[in-house]
Novice: 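Take this structure, written in structure tokens, and hold onto it; I'll ask about it next.
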Amino acid sequence: MEIAKTYNHTESEKRLYSQWMQKGFFKSTPDGREPYTIVIPPPNVTGVLHMGHMLNNTIQDVLVRKARMEGKNACWVPGTDHASIATEAKVVAMLKDMGINKTDIGREEFLKYAMQWKDKYGGIILEQLKTLGASCDWDRTSFTMDEGYYQAVIDVFIDLYNKGQIYRGTRMVNWDPKGLTAVSDEEVLHKEVNSKLYFVKYPIAEIEGEYITIATTRPETILGDTAVCVHPDDERYKHLAGKHAVIPMVNRKVPIIFDTYIDLEFGTGALKVTPAHDINDYNLGIKHNLEVIDTLTPEGKLSEAAGFYIGQDRFAVRKQIAIDLEAQGLLVKVEDIKNKVGYSERTDAVIEPKLSMQWFLKMDTVSKPALDNVLNGEVKLIPEKFINTYKHWMENVHDWCISRQLWWGHRIPAWYGPNGKTVVCKTAQEAVALFAAQNITVTEAELRQDEDVLDTWFSSWLWPIAVFDPTIFGKEDKTGNADLQYYYPTNDLVTAPEILFFWVARMIIAGYEYIDKKPFSNVYLTGIVRDKQGRKMSKSLGNSPDPLDLITQYGADSVRVGMLLSSPAGNDLMFDEALCKQGSMFGHKLWNAFRLIKGWEVDDSKTQSEASKTACDWFENRFNEEVANLSDLYSKYRMSEVLMSVYKLAWDDFCSWFLEMVKPPFGEKIDKVTYDKTVELFEGLLKVLHPFMPFITEEIWHTLKERGEDEYIIVAEYPKIIKTNSTLITEFALFEGIVSNVRNIRKEKNISPKETLELAIKGAKDGLSQSWLDLITKLCNLSAINFVTEGLQGMPSFVAGSFECFVPITIEVNAEEELKKLTADLDYTMGFLKSVQAKLANERFVANAKPEAVESERKKEADANAKIKLLEEQIGALK
RNA sequence: GGGAGCAUAGCUCAGCUGGUUCAGAGCAUCUGCCUUACAAGCAGAGGGUCCGCGGUUCGAACCCGUGUGCUCCCACCA
């Protein structure tokens with residue numbers, strides 16, 4: 001069979017993925033095996049694959065594939081999130097392009113458009129994951145607004161409401177004037193910006209001609225001021241006790257209040273108080289019983305209540321009012337200032353603190369088990385440094401504002417009857433009954449359902465439970481269906497640290513609240529993907545490569561390797577396309593190793609040489625040694641180190657050493673034993689590589705030898721840890737030392753690799769068997785190895801282990817240079833010996849250090865002495 | 001303002017409970033080679049005040065203090 005000179009990833013990946021699908025290898029149903037479960041962090045249903053997805057899904061796939069090969073029942077549940085704000089914004093924009101206004105068509109009609117949009121663009125990202133090789137059980141694909149899931153969310157709301165954990169109240173919320181909705185604290189990004197600090201004079205009502213000067217960055221809110229506040233200890237303002245200030249423009253007389261909240265140093269020490277538009281002012285307002293005047297419309301324009309600039313945007317008013325105040329002689333000065341301004345994560349609009357009626361979830365009691373079980377290690381965060389952050393957040397958690405003024409999402413199951421009475425239940429029919437129980441008579445038609453939907457995270461926090469059993473919520477019995485019992489708690493969660501609070505913490509809360517069990521055992525927090533200059537990858541910077549382009553160009557395996565070559569857990573990773581290149585070169589290397597082996601002709605009658613046997617034994621041991629090491633690295637989630645170890649095992653140990661050792665001379669055939677063993681060893685290598693490079697390993701696996709119908713590497717048995725023979729490893733080290741020394745001499749003396757050399761070894765043969773000597777002969781292209789009793793004067797030499805080696809050559813040797821080299825080596829060794837001896841001469845070292853440490857120093861001393869002796873002999877001979 | 005983390009080769013990073021054959025890896029660089037699997041390769045080589053300063057210790061990249069420089073998270077200072 002003709003094997004292509006280069007591996008065609010495009011053709012191969014497509015074919016193999018559909019074979020895997022067809023064979024049902026990704027599919028999982030409960031059985032007697034140990035389960036291994038991961039639920040995907042559901043991407044936005046209308047999102048597209050970005051580098052962050054690539055990273056965490058590659059890691060998940062590596063974990064899942066390894067678990068599957070280890071014989072576990074591996075289940076990776078995929079799905080998407082409805083992402084209310086983001087998706088609604090996209091649909092609104094689309095409708096706008098069609099000349100349709102959301103409010104004109106109404107809720108029902110809007111949701112139809114939204115569903116159409118979701119059906120059209122939703123799930124693109126899941127298709128993209130397939131090109132990456134993600135081995136998800138696609139039959140289990142979930143969506144947070146699937147019928148069952150939708151009901152689960154509603155059940156949870158009702159249940160928590162009935163438990164008294166959910167309440168409705170007027171609160172200062174973060175209002176997004178662009179998205180026209182409240183957003184949670186976590187969805188507000190604070191950025192430092194250059195602002196202006198306006199100093200404005202407010203006349204004192206009781207004292208003609210006297211003013212109090214306040215400083216503000218938001219002068220447009222002056223119209224909503226209902227007090228001026230100063231510090232009770234502030235000497236400058238003590239005489240104003242009981243007096244009133246007059247708000248400019250609106251001429252409202254407001255009290256001057258005293259509160260220690262005030263910072264004496266800032267501005268003028270006098271604060272204008274606008275309870276409707278500032279959280280601190282709001283709190284002051286409650287404390288001092290102040291009037292609340294809401295001067296903003298939901299769109300961020302000045303409202304009727306403002307009295308002036310009605311209908312104008314708040315930022316336009318900010319400029320205008322400064323001009324108008326100046327004209328009235330009330331603007332004292334304007335200073336430049338840097339301050340933090342909140343922006344909406346979703347729409348990038350400047351957040352306005354605004355009073356509104358919202359639904360909240362009490363967090364104090366429900367979060368308790370979620371905190372405890374992370375602190376006690378029941379749920380592990382990797383890396384551990386995130387435990388501190390988590391703890392801090394959980395201990396200072398605020399009530400969660402869960403309502404959003406949107407239509408795309410789970411509509412709040414609250415019903416309003418006459419007199420503003422509220423009941424919470426699934427249907428209008430039930431609501432009527434609930435009202436009836438309170439002796440209130442209403443008809444379904446008279447009821448009004450709450451217009452708002454729930455925060456997206458209020459649905460995704462149920463993800464690890466709801467994807468298996470969406471019907472469990474609010475039931476007495478927390479056992480759940482067969483899937484839930486089998487797969488829950490899941491094993492690993494792989495996600496970005498950015499959503500530790502949004503999502504991870506809340507899933508843990510939901511887990512303990514509804515199942516009394518953790519949702520997962522380990523949370524692997526990946527880093528943020530940055531470009532090589534360390535900048536965060538973003539659309540606006542245009543520094544993010546399109547992952548699909550990368551896959552097209554380099555192949556999925558290469559991109560996976562590229563991502564993982566540089567991704568320590570929890571640390572950001574600097575992505576460089578060159579790493580994908582490195583990945584594809586590695587694939588090329590494997591392909592060539594495969595071509596070499598496949599190209600060998602087997603001679604059944606030939607017996608295996610001792611040298612080949614030694615080579616096979618050595619690599620087998622080396623491989624086993626590495627399997628143990630990999631297992632250790634995996635257990636610590638050090639993915640890039642696992643990959644790098646496998647990389648070196650394949651490239652250096654297998655290709656550069658092993659294959660060269662067993663390779664038959666040109667024109668000769670290979671014996672069957674060695675050939676079969678080589679194939680077997682290569683298979684082992686492919687297995688440990690498979691989680692990282694699923695496609696090329698599967699491709700080689702099938703072409704390497706005849707396979708049965710269902711014999712795929714994806715389900716092959718992962719190599720087990722086997723005790724290694726350390727003698728072979730030590731012997732190899734000596735062998736390697738001799739080979740590279742000879743190569744060095746070749747290089748230094750400019751001797752072509754084709755020209756054969758001789759090697760003379762002074763001393764006994766102990767330590768290296770004939771097969772190792774044969775291998776040295778082969779790899780160094782020697783004509784002979786001779787054991788001698790006297791050193792070869794004037795010939796290039798080196799010391800390896802306890803061997804003194806010489807390479808007799810006809811080319812003239814520069815004795816001076818040789819001498820210099822040996823002297824340098826001697827100097828180093830003597831210096832080393834001196835430091836060792838100094839240490840041993842130190843009584844306190846011998847007395848205090850561990851016995852092993854002292855013993856090791858003595859061995860060093862002996863070795864150094866032996867080496868010095870050899871070197872001195874050689875130097876003596878040269879002179 | 002509070003908290004966390006980081007600083008080791010040109011780059012990205014390892015370095016476990018302190019013990020100089022541990023100062024390492026990969027990439028990049030340089031030098032030879034078109035050797036019949038692979039030039040997308042092979043074989044070699046160079047390269048570091050382990051951020052500065054102090055301390056603990058027989059001994060410090062590692063522990064402690066301090067300074068500097070980055071990064072991230074949290075927070076209601078107008």
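Reminder, nothing fancy here: chain letters follow the sequence lines and each chain counts from 1. Please read these numbers as outputs of a predicted model, since none were measured by experiment.
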Novice: Starting at the 5' end of RNA chain B and moving along, which residue's nearest nucleotide shows up first, A/S656 or A/A578?
Specialist: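 That would be A/A578.
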Novice: Closer than 4.0 Å, any side-chain N/O of A/N592 to the OP1 or OP2 of B/G41?
Specialist: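 Negative; the distance criterion is not met.
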Novice: Could you report the tightest heavy-atom contact between A/K354 and A/M172, atom names first, then the distance?
Specialist: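 Smallest heavy-atom distance, with atoms named: N-SD, 3.4 Å.
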Novice: Could you check whether A/E668 gets within reach of a base, just the sugar-phosphate, or nothing at all, counting any heavy atom under 4.0 Å?
Specialist: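 Here A/E668 touches no strand at all.
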Novice: Quantified in whole Å, what is the P atom distance between nucleotide B/C6 and nucleotide B/A78?
Specialist: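 It comes out at 31 Å once rounded to the nearest Å.
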Novice: Whole angstrom is fine here: how far is it from CG in A/L579 over to C1' in B/C27?
Specialist: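 Those two atoms, CG and C1', are 8 Å apart.
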Novice: Rounded to the nearest Å, what distance is computed from the CG atom of residue A/L643 to the P atom of nucleotide B/A14?
Specialist: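 The distance from CG of A/L643 to P of B/A14 comes to 15 Å, rounded to the nearest Å.
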Novice: Heavy atoms only, 4.0 Å cut-off, all strands: where does A/S752 land among base, sugar-phosphate and nothing?
Specialist: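 A/S752: no heavy atom of the nucleic acid under 4.0 Å.
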Novice: Which parts of nucleotides 72-78 of chain B does protein reach within less than 4.0 Å, heavy atoms only, written one letter per nucleotide 5' to 3' as B for base, S for sugar-phosphate only and - for none?
Specialist: SSSBBBB
Novice: Could you spell out the base pairing of RNA chain B as a dot-bracket line? Use Watson-Crick and G-U wobble contacts where both distances are under 3.5 Å, [ ] for crossing pairs, | for partners on a different strand.
Specialist: (((((((..((((.....[....)))).(((((.......))))).....(((((..]....))))))))))))....
Novice: Quickly work out the A/E755 CD to B/A43 C1' distance and round it to whole Å.
Specialist: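 In whole Å, B/A43 C1' lies 16 Å from A/E755 CD.
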Novice: Tell me which nucleotide among B/A43, B/A14, B/A37 gets nearest to the side chain of A/L596.
Specialist: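 Per side-chain heavy atoms of A/L596, the pick is B/A37.
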Novice: Are the charged groups of A/D653 and A/K648 less than 4.0 angstrom apart, N to O?
Specialist: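 No, no charged N to carboxylate O under 4.0 Å.
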Novice: C1' atom, B/G65 versus B/G48: distance in rounded Å?
Specialist: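 Their C1' atoms lie roughly 26 Å apart.
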Novice: Write down the distance between CG (A/L525) and P (B/A4), rounded to a whole number of angstrom.
Specialist: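 Result: 18 Å.
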Novice: Between the side chains of A/N781 and A/T756, is a donor N or O closer than 3.5 angstrom to an acceptor N or O?
Specialist: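 No - no donor-acceptor pair under 3.5 Å links their side chains.
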Novice: C1' atom, B/C50 versus B/U8: distance in rounded Å?
Specialist: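 Between the two C1' atoms, the distance is 4 Å.
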Novice: Please measure how far the C1' atom in B/G46 lies from the corresponding atom in B/U35, and state the result in whole Å.
Specialist: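 So the two C1' atoms sit 26 Å from each other.
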Novice: How do A/S740 and A/T6 order along RNA chain B: which one's closest nucleotide is nearer the 5' end?
Specialist: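 Checking each residue's closest nucleotide, the 5'-ward one belongs to A/T6.
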Novice: Between A/Y261 and A/N283, do the side chains contain a donor N or O and an acceptor N or O under 3.5 Å apart?
Specialist: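 Side-chain D/A pair, A/N283 to A/Y261: absent.
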Novice: Is A/E748 touching bases, backbone alone, or none of the nucleic acid, heavy atoms closer than 4.0 Å?
Specialist: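 Nothing, no nucleic acid heavy atom in range.
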Novice: Considering just the side-chain nitrogens and oxygens of A/W657, establish if one lies under 4.0 Å of OP1 or OP2 belonging to B/C42.
Specialist: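 No, no such contact exists.
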Novice: Rounding to an integer number of angstrom, what distance separates B/G67 and B/U21 when you compare their P atoms?
Specialist: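 B/G67 and B/U21 have their P atoms separated by 36 Å.
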Novice: Strictly below 4.0 Å: does A/K589 bring a side-chain N or O up to OP1 or OP2 of B/C42?
Specialist: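 A/K589 to B/C42 OP1/OP2: side-chain N or O found under 4.0 Å.
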Novice: Would A/R506 and A/W400 count as a cation-pi pair here, with the cationic atom under 6.0 angstrom from the ring centre and within 45° of the axis?
Specialist: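 Judged by the rule (NZ or CZ under 6.0 Å from the ring centre, within 45° of its axis), A/R506 counts as positioned above A/W400.
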Novice: For A/R746 and B/U31, is the shortest distance between a side-chain N/O and OP1 or OP2 below 4.0 Å?
Specialist: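 For B/U31, OP1/OP2 do not have a side-chain N/O of A/R746 under 4.0 Å.
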Novice: Within this structure, what is the CD1-to-P distance between A/I387 and B/G5, rounded to whole angstrom?
Specialist: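 In whole Å, B/G5 P lies 12 Å from A/I387 CD1.
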Novice: Between A/W393 and A/Y390, is the ring centre distance below 6.0 Å?
Specialist: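 A/W393 vs A/Y390: aromatic centres not under 6.0 Å.
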Novice: How close or far is atom P of B/A14 from atom CG of A/D632, stated in whole angstroms?
Specialist: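 Those two atoms, CG and P, are 16 Å apart.
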Novice: Which part of the nucleic acid does A/K747 contact within heavy-atom distance under 4.0 Å: base, sugar-phosphate only, or nothing?
Specialist: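 The answer is base, as A/K747 lies within the cut-off (heavy atoms under 4.0 Å) of a base atom.
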Novice: How far does the P atom of B/C11 sit from the matching atom of B/C34, given to the nearest Å?
Specialist: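 Nearest-Å result for B/C11 against B/C34 at atom P: 34 Å.
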Novice: Regarding A/W600, tell me which of base, sugar-phosphate or nothing describes its non-hydrogen contacts under 4.0 Å with the strands shown.
Specialist: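 Nothing, no heavy atom under 4.0 Å.
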Novice: Is a side-chain donor-acceptor pair under 3.5 Å present for A/H231 with A/D259?
Specialist: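 There is no such pair (donor and acceptor under 3.5 Å, judged by atom type) between the side chains of A/D259 and A/H231.
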Novice: Heavy atoms only: give me the nearest A/F658-A/L681 pair and the separation to one decimal.
Specialist: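 Smallest heavy-atom distance, with atoms named: CZ-CD1, 3.7 Å.
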Novice: Apply side-chain hydrogen bond (donor to acceptor under 3.5 Å, both in side chains) to A/T221 and A/K272, showing your working.
Specialist: CA-CA 9 Å; A/T221 62; A/K272 63 189 272 308; 2.6 Å; yes
Novice: Using a strict threshold of under 4.0 Å (side-chain N to carboxylate O), is an ion pair present between A/R218 and A/D278?
Specialist: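 Yes, this pair counts.
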Novice: I'd like to know if A/E220 and A/R314 make a salt bridge, using a cut-off of under 4.0 Å between side-chain N and carboxylate O.
Specialist: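 A salt bridge is absent here (no side-chain N lies under 4.0 Å from a carboxylate O).
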Novice: May I ask you to say whether A/K581 pairs ionically with A/E577, meaning some side-chain N is under 4.0 Å from a carboxylate O?
Specialist: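 Here A/K581 does not pair with A/E577 in a salt bridge, since their nearest N and O are not under 4.0 Å apart.
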Novice: May I ask you to say what A/C655 touches in the nucleic acid, namely base, sugar-phosphate or nothing, with a heavy-atom cut-off under 4.0 Å?
Specialist: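 Base contact.
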Novice: B/G69 and B/C51: how far apart are their C1' atoms, nearest whole angstrom?
Specialist: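 It works out to 8 Å between them.
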Novice: For B/A23 and B/A14, measure between their C1' atoms and round to the nearest Å.
Specialist: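 Between the two C1' atoms, the distance is 12 Å.
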Novice: Atom CD1 of A/I745 and atom C1' of B/C33: how far apart are they, to the nearest Å?
Specialist: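 To the nearest whole Å, that distance equals 18 Å.
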Novice: Of all heavy-atom pairs between A/L525 and A/P497, which one has the smallest distance, and what is that distance?
Specialist: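 Shortest heavy-atom separation between A/L525 and A/P497 comes out as CD2-CA, 3.8 Å.
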Novice: Can A/H588 and A/N592 be counted as having a side-chain donor-acceptor contact under 3.5 angstrom?
Specialist: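 Yes - a donor-acceptor pair under 3.5 Å links their side chains.
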Novice: Using whole Å, report how far CG of A/N629 lies from P of B/A14.
Specialist: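 After rounding, the gap between these two atoms is 16 Å.
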Novice: Determine, for nucleotides 21-26 of chain B in 5'-to-3' order, which nucleotides have protein heavy atoms under 4.0 Å from the base (write B), from only the sugar-phosphate (write S), or from neither (write -).
Specialist: B---SS
Novice: Looking only at the side chain of A/P753 (C-beta and beyond, no hydrogens), which of the listed nucleotides B/G44, B/C42, B/U35 gets closest?
Specialist: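 Of the candidates, B/U35 comes closest.
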